[in-house]
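First the structure, in the form of structure tokens, and then the observations on it.
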Amino acid sequence: MPNEEQNNSSGRIAIWFFVGLLLAVYGIIIVVTGLYYLGSPPSHPAVLANLHPEIWWGAVLLAIGLFYVIRFFPRKRL
């Protein structure tokens with residue numbers, strides 16, 4: 001079973017890099033949506049809307065996504 005160094009040196013990119021990228025993009029979208037709802041709340045908010053779950057969940061997705069992007073970023077090996 002090849003390890004990560006062998007994969008990157010052969011020109012392959014780990015799938016976890018793309019998973020992290022996708023999670024980070026979704027996190028950014030959800031955080032921006034939560035900030036929009038914070039500035040202009042809907043006329044009929046949900047029961048627990050005062051907790052702002054969009055901001056929290058988006059921040060969690062963004063943090064996990066950035067972790068994967070940084071951890072599995074494709075680098076040139078010597």
Hey, what else clusters with I29 if you join Ile, Leu, Val, Met, Phe, Trp, Tyr whenever side-chain heavy atoms sit under 4.5 Å?
V25

So the ring-ring contact (aromatic ring centres under 6.0 Å, His included) pairs with at least one residue in residues 51-71 (sequence neighbours excluded) are W16-Y68

Residues that, via side-chain heavy atoms closer than 4.5 angstrom, fall in one hydrophobic cluster with I55:
V31, L35, L38

Do I15 and L61 belong to the same hydrophobic cluster, where Ile, Leu, Val, Met, Phe, Trp and Tyr are linked whenever their side-chain heavy atoms lie under 4.5 Å apart, directly or via other members?
yes

Shared hydrophobic cluster for F73 and F18 (ILVMFWY, side-chain gaps under 4.5 Å)
yes

For V47, the other hydrophobic cluster members (4.5 Å side-chain criterion, sorted by chain and number) are L48, L51

Which heavy atom of L23 sits nearest to which heavy atom of G65, and what is that distance?
CB-CA, 3.8 Å

Report whether L62 and L21 are members of the same hydrophobic cluster (ILVMFWY, side-chain heavy atoms less than 4.5 Å apart, transitive linking).
no

Group every Ile, Leu, Val, Met, Phe, Trp and Tyr by side-chain heavy-atom contacts under 4.5 Å, then state whether I64 and V19 land in the same group.
yes

If you link I, L, V, M, F, W and Y whenever their side-chain heavy atoms are under 4.5 Å apart, who else ends up in the same group as Y37?
Y36

Can you name the residues that form a side-chain contact (heavy atoms from CB on, under 4.5 Å) with L22, not counting sequence neighbours?
Y26

Separation between OG1 (T33) and CD1 (I28), nearest 0.5 Å, reads 11.5 Å

